[in-house]
Structures are given as structure tokens and as C-alpha cells.
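All chains are named by letter (A, B, ...) in the order of the sequence lines, taking the proteins before the strands, and each is independently numbered beginning at 1.
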Number of protein chains: 2
Amino acid sequence: MRSSAKPPSVKLPAKPLRRTARAPAPKPYHHGDLRRVLIDAALQLVGEGGPDAVSVREAARRAGVSPGAPFRHFPSRDALMNAVAEEAQRRFRAEIEAALAEAPANNPANNPPNNPLGRFRSLGLAYLRWAMKNPTHFEIISSRRFFDHDKAAGVSQDNAELIDLAERTLAEAFAQGQLRSADLKQVQIAGRALVYGFARMNIDGHFPRWGVADAEGTAEAILDLFIEGIAKVPGRSA
Amino acid sequence: MRSSAKPPSVKLPAKPLRRTARAPAPKPYHHGDLRRVLIDAALQLVGEGGPDAVSVREAARRAGVSPGAPFRHFPSRDALMNAVAEEAQRRFRAEIEAALAEAPANNPANNPPNNPLGRFRSLGLAYLRWAMKNPTHFEIISSRRFFDHDKAAGVSQDNAELIDLAERTLAEAFAQGQLRSADLKQVQIAGRALVYGFARMNIDGHFPRWGVADAEGTAEAILDLFIEGIAKVPGRSA
DNA sequence: TTGTGAATGTAAGCATCGATTACACGGATT
DNA sequence: AATCCGTGTAATCGATGCTTACATTCACAA
């Protein structure tokens, strides 16, 4: 797995090759956008074998570049993983907000359409759906070990935005008298813990043989259980 | 950091050294109980720098043994980590059950002493306390990646016992009319997700600067929130 | 008691990895 | 056009997981 298709005599002191007819791109010395390509390669590696399967050398290999090149862009493997995690978190937030925007009104259980508690449910469901559809991406952004813990208190901006959104939605729900408890902070933490825990249990392998159907169905069920638990007038169902 | 205090000429064809007066144990060729010592060393390494900080060579070093020796007992690093995870899980279950046995009656919120729902709460609290007190141990047993996923469906026996305990307790609570929902499976999964999620969020660094007091207090608070949510007659508090 | 085989350790070596250093290239600024 | 500096290459280092060949010693049987 060492040298596959790279004849070691490509370096010519003069520059005689002029991109003659069929020469398939003379491989420019500078890559163009290596940093981006490295992050993408690393993300792909994460998707194939988890975060531990990411090696700087393999990323360089896939980018068609020498093993030392990545260190021009990332001072260490950890720095690369940091960038990878931030990119994944960016995509996560973008997709969550997109999912919320496109389906704001389909909250099957709660009473008026588009009410705060229903949106809270939708937020949790979008979170869970994304996490279960992108388990490896979710793994690197959930385990905070890949984030720089000196910068931004160890919590990325995109993550803080999502938490804010959840907090605001809960505040609205409380203002409309939908919540039983007045301690919004605790409700928010409990909700996060529930959703986060379910997602991680899936990823960590606590439900060995589940189809996506089981997972999605149970996700909705426990979400409803929780929402009913924090809502006022919790009876009505059964 | 290579050769520290081991003169390379210790092997004598004959055996002239007879354990004369001050020879501090002639370092027997066979270790005695290397397997156990390796697991302990690995556990210690996990406690120092997390699971990734465990290396077979370092464990061998701490056991005072050559770098290849561990492979007589574990065919691979993964096998060592597997044994480590099972040992940690064993201790986890033992301590949970001990904690439950010693304090069965102090359930502050629920009505009759030693009722099922109260015991369910105690179980969750013991779980959370242990996880927050032994974060690295909890990490290797929660992330199922260190368990052999061919054997026992990827779930260790000790873990299954704990789940059973939770399930039985919930069934008792339902039989006594303490639960609002009849779907015990979902209640159980939701409870597990909540507790698991909170523990992991702590470990994964989602609550950057918390004292143990904050963590324990919030743990109890969200536990109570959940219990009230699944209990019948949920009002009464505020 | 003695011999022998299996268990368990050592020594040496391979490939891979992260990381560093010296050097080569070439685009951008002047 | 000359130069500078960002970016890539080549070579190398130490550490790691793992394998192979050899050494030692324990346990059991004759």
C-alpha cells in the first residue's frame, strides 16, 4: 500500500513539459485548496471508520499530496480534527434550521398549529433525525474532545445558537402557559439530555439491532413522553 | 525514555545468583499474574488520559515487562480494551447495587418510603453519581466500542442486569398505579436516555465549568422533573 | 526425582503513524 | 524582472501495534 502509481522521477530541474496534448494535468506543485480538501477527506474517513480512523497521512494520500503537506495548514492532527468538527457542526446547524424552516406546522400532537411547544418538539425531532442519519458526523460534534477547549469556552458558536433557539422556544411556551414547571433552565437541560442521550445510545451501540424505523419511531415516542411530562394538563391521552 | 535501569547483561547461562543478602528480588522470569496487572495498568491509564491514552507498550512498561509480553494474554490492543471495559462494567454494577442496598429508604420526594418509583429514582441517582465521580471509567463502558460486538450481542451481562433491574422496578411502579403511561418499554428507554445523556454531556464537556455541586444538584433536579412527568397526579409541586 | 511439553516471558524487527527539518517550487509584490 | 514567502516535497525521528524466533520456567507424568 505504499507506492501505487507515482513514478519517483517526476521532478525535472528544467520545465520541459508544457502540457502537451494528452498530458492529464501536469500536477501543479501547489494544490489550490488543500485545506478544504483535507477537511473533506478527513470527514470522509470519519464516515468510514469513526474519528479514530482519521490519520493525517491517509488524508494527505487522498488529497494526492505528500505526508508532510497537511502540517502547513494544521499544526497537529488535533487541529485538523478541530476543523473537521467545526465543519460538521456548521452543517449540523444548517440542516437543523433548514428542516425546521420547511416543516414548521406539522406538529401532530399539540393543539394549535405552530405553537411553541410543538416547535420545541420539532426541534428535538430534527435533531434526532439528523443524528441518526449522520451518526459519525454526530459523534465528532457531540464528543467535545475535538473542539479547542481554550477557545469559546469549548462550545462552538453554532452549538450555542442551537441551544439559544431551544431556550427561546421554551420561554415562549412558558409565556403561553404551556409548561408545568417554571424552571426553564432545568427543562432545557433535561430535554437536551434526553435527546442527546438517545442519539448517543444509538451511536454508541446500546440498541444493537434496530432498523431505522424502530429508531425513528422510538425517538418520536420518547419525545412525546417527555413533552407530555413537561406540559400543563398532561392527561387526555389514555 | 528507553532503557532506564536495566543493564542488558542480566541473563546468565548458569544460575550463580542465589538471592544473596540484599538482592531485591531477582525479578522472576514469570510475572505471576500479568493479565490482571495489565488490566489494572490500562485502567489507570484510562483514568489519566482517557481511552486513547492507553497503549499496550505503556501498560507493559508499568507492569515491568517486555513490550511483546501482553500479546501472550491479549491477541490485540482491542482485546485488552475489551477486558478493561468489562472490568469497569463489573465494578460499575457492583457499586450501583451497593449504593442501592445501603440507602433504600431515602427517597425524598415520593410518598411512601421504599416505593417502586422512589427506588427507580434512587437507581438513576446512583447511576449518575457514579458516572460523575468516575468519568473515565464511565466513558469506556458507555461507549460500546470497547466491547466485543460478536459476543452477547454487544451488551455485557452486567449491563443487562442493570437494565433488568430498572425494568422490574418500573413494572412494580406500574402495578401499583404510580405511572401515567402504560408503555413501560418507552418509559424505560426514555429514562435511560435521560440519565445516559446527562452523564455523557458532563463527560463530553457540554457543561464546561461546573462544580460537582452544580452537577449533582442538576442531576437530582432533572431526575425529579422526569419522575414527576411520568408519575400519575403530576401536579402538587407549584 | 527427572524429563518433557506447554505456558509465558524476551529480543528483534516490520509497517504505520504524528511530527520536524531542510530544501524546492512558484505565485504575488515590488 | 528580481525577490520573497507561502506552500509543497523528501528524509528522518521516536512511538506504537503486532509478529516471529528464541529463552525460561512451571506443571505434570513416568
**Item:** Short N-O contact, A:Glu97 and A:Arg93, less than 4.0 angstrom
**Value:** yes
**Asked** Expressed in angstrom and rounded to an integer, what is the separation of A:Phe71 atom CZ from C:dA19 atom P?
**Response** 5 Å
**Prompt:** Which nucleotide sits closest to the side chain of B:Val56: D:dT9, D:dG17, C:dG18?
**Reply:** D:dG17
Enumerate the protein-to-nucleotides 12-14 of chain D contacts in which both atoms are nitrogen or oxygen and the separation is below 3.5 Å.
none

**Prompt:** What is the distance from atom CD of B:Gln89 to atom CZ of B:Phe146, rounded to the nearest 0.5 Å?
**Reply:** 13.5 Å
**Item:** Among D:dT16, C:dG9, D:dG8, the nucleotide that comes nearest once only the side chain of B:Arg72 is considered
**Value:** C:dG9
**Request:** Identify which nucleotide among D:dA21, D:dT19, D:dG8 has an atom closest to any side-chain atom of A:Ala69, counting heavy atoms from C-beta outward.
**Result:** D:dG8
**A:Asp40/A:Arg91 salt bridge by N-O under 4.0 Å criterion** = yes
**Item:** Distance, rounded to the nearest Å, where A:Met81 contributes CE and C:dA19 contributes P
**Value:** 12 Å
**Item:** Beyond-backbone contact of A:Glu161 with A:Leu165, side-chain heavy atoms, under 4.5 angstrom
**Value:** no
Expected rows: protein N/O vs nucleotides 5-7 of chain C N/O, under 3.5 Å:
none

**Request:** Whole angstrom is fine here: how far is it from CG in A:Asp78 over to C1' in C:dA19?
**Result:** 12 Å
**Request:** Enter the distance from A:Ile189:CD1 to A:Tyr196:OH here, rounded to the nearest 0.5 Å.
**Result:** 14.0 Å
**Item:** Carboxylate-amine/guanidinium proximity below 4.0 Å for A:Arg62 and A:Glu58
**Value:** yes
**Item:** Candidates C:dC17, C:dT20, D:dT16 - which lies nearest the side chain of A:Ser55
**Value:** C:dC17
**Item:** Gap between atoms CG and C1', on B:Leu45 and D:dT16 respectively (whole Å)
**Value:** 14 Å
**Message:** Please determine whether a side-chain nitrogen or oxygen atom of A:His73 lies at a distance below 4.0 Å from atom OP1 or OP2 of D:dG8.
**Reply:** yes
**Message:** With rounding to the nearest 0.5 angstrom, report the CG to CZ distance, A:Leu100 to A:Arg119.
**Reply:** 9.5 Å
**Request:** Measure from CZ on B:Phe74 to P on D:dG17 and round the result to the nearest Å.
**Result:** 14 Å
**Message:** As a test of reading the structure: which of C:dC17, D:dC18, C:dA22 is closest to the side chain of B:Arg77, going by heavy atoms?
**Reply:** D:dC18
**Item:** Whole-Å distance separating the CZ atom of B:Arg62 from the P atom of D:dT16
**Value:** 11 Å
**Request:** Could you walk me through whether A:Phe74 and A:Val56 pass side-chain contact (heavy atoms from CB on, under 4.5 Å), step by step?
**Result:** CA-CA 10 Å; A:Phe74 305 99; A:Val56 178; over 6 Å; no
**Message:** I need the CG-P distance between A:Asp52 and C:dG18, as an integer number of Å.
**Reply:** 11 Å
**Request:** Using atom CG of B:Leu38 as one end and atom P of C:dT8 as the other, report the distance to the nearest whole Å.
**Result:** 12 Å
**Item:** Heavy-atom closest pair, residues A:Val65 and A:Pro70
**Value:** CG1-CD, 4.3 Å
